[in-house]
Amino acid sequence: QVQLVESGGGLVQAGGSLRLSCAKSRTISNVNVEGWYRQAPGKQRELVATLTSGGGTNYADSVKGRFTISRDNAKNTVYLQMNGLKPEDTAVYYCYVRRYFKPYEYWGQGTQVTVSS
């Protein structure tokens, strides 16, 4: 079994920064993409950032230039550095891992990020 344990969420003021962590209980093999999704109340889950196995990154337009996704292989952890936070960033953030083989996906339990005005 592999678990993704998220941490780092909390309450911050607009303009502040926060770093989310997604620690894997075990190293996951055959990874295609790692990333972060978020879901705000009453809204669909949306893709925030992705990190491909080759090191390429992609970001939602709404967070581009403010968020940075990275990984530390030695710690089996994926990070999401969030700077210049806005109230519209308020959501539950989920990390995920996409694999080439079954099981195809792993998901974290979610961590709440609340940005006040």
Side-chain angles (χ1 to χ4, degrees):
Q1 291 184 332
V2 177
Q3 293 187 97
L4 306 183
V5 181
E6 299 180 359
S7 62
L11 174 63
V12 298
Q13 292 189 341
S17 297
L18 209 58
R19 187 173 81 161
L20 305 183
S21 298
C22 177
K24 308 166 190 174
S25 61
R26 296 176 62 186
T27 298
I28 301 175
S29 63
N30 299 295
V31 172
N32 182 353
V33 176
E34 296 172 284
W36 292 87
Y37 280 78
R38 68 184 181 187
Q39 187 167 28
K43 296 184 178 181
Q44 339 178 45
R45 184 173 296 187
E46 65 173 336
L47 181 63
V48 176
T50 59
L51 178 63
T52 68
S53 59
T57 58
N58 285 287
Y59 299 92
D61 289 339
S62 59
V63 308
K64 193 171 298 181
R66 299 187 296 119
F67 291 11
T68 302
I69 185 171
S70 63
R71 74 163 71 90
D72 186 333
N73 290 328
K75 296 181 178 180
N76 282 331
T77 302
V78 176
Y79 303 97
L80 183 66
Q81 178 66 47
M82 305 184 294
N83 299 324
L85 285 164
K86 305 175 181 179
E88 48 264 45
D89 293 319
T90 296
V92 176
Y93 284 71
Y94 301 87
C95 68
Y96 87 100
V97 176
R98 173 72 176 177
R99 301 179 73 240
Y100 288 105
F101 308 110
K102 293 175 63 179
Y104 293 114
E105 295 182 340
Y106 291 97
W107 288 88
Q109 82 286 356
T111 185
Q112 177 70 49
V113 172
T114 302
V115 185
S116 62
S117 300

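Everything numeric here is computed off the predicted structure, so don't read it as measured data.
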Task: ILVMFWY cluster, Val33 and Tyr59 together (side-chain gap under 4.5 Å) - done: no
TODO: Write down the atom of Thr77, the atom of Ser21, and the distance for their closest heavy-atom approach.
DONE: CG2-CB, 4.1 Å
TODO: Verify the neighbour count for atom CD of Gln3: are there more than 12 heavy atoms of other residues, nucleotides or ligands below 6.0 Å?
DONE: no
- [ ] Write down the atom of Ala60, the atom of Leu47, and the distance for their closest heavy-atom approach.
- [x] CB-O, 3.5 Å
TODO: Going by the side chain to side chain contact (heavy atoms under 4.5 Å, CB included) test, name the single residue among Thr111, Leu20, Asp89 that passes it with Arg38.
DONE: Asp89
Could you list the donor-acceptor pairs under 3.5 angstrom formed between side-chain atoms of residues 79-87 and any protein atom two or more places apart in sequence or on another chain?
| unit_1 | atom_1 | unit_2 | atom_2 | d |
| --- | --- | --- | --- | --- |
| Gln81 | NE2 | Asn83 | OD1 | 3.0 |
| Asn83 | OD1 | Ser17 | OG | 2.9 |

Open item on the list: Let's go through Val78 and Cys95 carefully: what are the C-alpha distance in whole Å and the side-chain angles of both, what is the deciding distance for side chain to side chain contact (heavy atoms under 4.5 Å, CB included) to 0.1 Å, and is it a yes or a no?
Closed with: CA-CA 8 Å; Val78 176; Cys95 68; 5.8 Å; no
TODO: For residues Thr52 and Arg71, report the shortest heavy-atom separation together with the two atoms involved.
DONE: O-NH2, 3.2 Å
TODO: Please report the closest heavy-atom contact between Val5 and Gln109, naming both atoms and the distance.
DONE: CA-OE1, 3.8 Å
Task: Leu51 side, atom CG; Thr68 side, atom OG1 - distance, nearest 0.5 Å - done: 11.0 Å
Open item on the list: Using only atom types and a distance under 3.5 Å, with no angle test, would you say the side chain of Tyr106 pairs donor to acceptor with the backbone of Arg99?
Closed with: no
TODO: Work out which heavy atom in Glu6 is nearest to a heavy atom in Tyr93; give both atom names and the distance.
DONE: OE1-O, 2.5 Å
Open item on the list: With clusters defined by side-chain heavy atoms of hydrophobic residues (ILVMFWY) lying less than 4.5 Å apart, directly or transitively, does Val63 cluster with Leu18?
Closed with: yes
TODO: Can you run down the ring-ring contact (aromatic ring centres under 6.0 Å, His included) pairs that involve residues 21-42, sequence neighbours left out, and say none if there aren't any?
DONE: Tyr37-Tyr96, Tyr37-Trp107
Task: Val31 to Ser53 - nearest heavy-atom pair and separation - done: O-CB, 3.3 Å
Open item on the list: Applying a strict under-4.5 Å side-chain criterion to I, L, V, M, F, W and Y, I'd like to know whether Val113 and Leu11 cluster together.
Closed with: no
Task: Verdict with reasoning, Val115 to Glu88, per side chain to side chain contact (heavy atoms under 4.5 Å, CB included) - done: CA-CA 8 Å; Val115 185; Glu88 48 264 45; over 6 Å; no
TODO: Using atom types as modelled and distance alone, determine if a side-chain donor or acceptor of Arg19 lies under 3.5 Å from a backbone N or O of Gly8.
DONE: no
Task: Intermediate values then yes/no, side chain to side chain contact (heavy atoms under 4.5 Å, CB included), Thr50 and Arg98 - done: CA-CA 10 Å; Thr50 59; Arg98 173 72 176 177; over 6 Å; no
